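Just so it is clear, the structure is predicted and the values come from calculations on it, not from any experiment.
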Amino acid sequence: MDKRWALIIIILVVGVGSMYYIVDNSNTVGSAIATFSKTTITIPDGFAVSGSESYSVELYNKKNTEKIEILDFEKRRDIKNILGNMSAAFQEQDDYDNITNKTVKINKVTVYQSMLKSDNDTLIISCFYKDHRAYCILMNGYKSMKKVNEDLDFIIETMHPDYKQSQD
């Protein structure tokens, strides 16, 4: 066999191996994405889009009662005020009696959180500023805080500007 054939086979094996590695380790290849406002996110495993508007997207878990709503507040800088207003609004309309506030850091993004508890539901509101835009993520129906943190981490990690649209 000629040396060129051996070189072609080696290049083919390296190329196929590289493609497998990229597909296996990518968050967006083979996963569904959702686009809203000027943002694109990768949908966490088990979730589907239930609704989308110009500045929000709603996701639901097909296997249980977990729901996620992501809101884009564009270039607003008053994240703590947004969080306070949303917490107060939910507290007025529902019987949330126990409120816990905390600040966490996820992938170099400071996230302000409020956890509102009632007798039969827990709502977690997370507000943060990423890529020059303010976002709030509302999560409810979760049984475990570990799962809340995993899904929130995944969403923040995969959230990026939609480069197909003009950016402000």
Nearest heavy-atom neighbours spanning [X] and [Y]:
X: Lys117; Y: Met115; answer: CE-SD, 3.5 Å
X: Ile41; Y: Phe36; answer: CG2-CE2, 4.3 Å
X: His160; Y: Asp131; answer: CA-OD2, 3.9 Å
X: Asp72; Y: Ala134; answer: OD1-O, 3.4 Å
X: Asn107; Y: Glu157; answer: ND2-CB, 3.3 Å
X: Asn61; Y: Gly46; answer: OD1-O, 3.1 Å

>> Does atom CD (Glu53) have a neighbourhood of more than 12 heavy atoms from anything else shown, all under 6.0 Å?
In response: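 No - once you tally the heavy atoms of other residues, nucleotides and ligands closer than 6.0 Å, there are 12 at most.
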>> If you count every heavy atom of other residues, nucleotides or ligands that lies below 6.0 Å from Lys67 atom NZ, does the total exceed 12?
In response: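 It does not: Lys67 NZ has 12 such atoms or fewer within range.
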Gap between atom [atom2] of [Y] and atom [atom1] of [X] - 0.5 Å precision:
X: Phe154; Y: Ile43; atom1: CZ; atom2: CD1; value: 9.5 Å
X: Asn81; Y: Asn85; atom1: CG; atom2: CG; value: 6.5 Å
X: Ile82; Y: Ile125; atom1: CD1; atom2: CD1; value: 11.5 Å
X: Ile79; Y: Cys127; atom1: CD1; atom2: SG; value: 7.0 Å
X: Met139; Y: Gln113; atom1: CE; atom2: CD; value: 8.5 Å

Are [Y] and [X] co-members of a hydrophobic cluster defined by side-chain heavy atoms under 4.5 Å apart?
X: Met86; Y: Leu116; value: yes
X: Tyr129; Y: Leu71; value: yes
X: Val49; Y: Phe47; value: yes
X: Ile70; Y: Val104; value: yes
X: Ile137; Y: Val109; value: yes

Is there a donor-acceptor pair under 3.5 Å between the side chain of [X] and the backbone N or O of [Y]?
X: Ser126; Y: Val111; value: no
X: Ser144; Y: Lys146; value: yes
X: Lys130; Y: Tyr135; value: no

> Thr122 and Tyr142: side chain to side chain contact (heavy atoms under 4.5 Å, CB included), yes or no, with the steps?
Replying inline: CA-CA 7 Å; Thr122 301; Tyr142 281 83; over 6 Å; no
>> Consider side-chain contact (heavy atoms from CB on, under 4.5 Å). Of Asn149, Ile155, Leu152, which one does Ile106 pass it with?
In response: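 The residue from Asn149, Ile155, Leu152 that satisfies side-chain contact (heavy atoms from CB on, under 4.5 Å) with Ile106 turns out to be Leu152.
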>> For Arg4 and Leu7: C-alpha separation, side-chain torsions, deciding distance, then whether side chain to side chain contact (heavy atoms under 4.5 Å, CB included) applies.
In response: CA-CA 5 Å; Arg4 289 179 283 186; Leu7 186 60; 5.5 Å; no
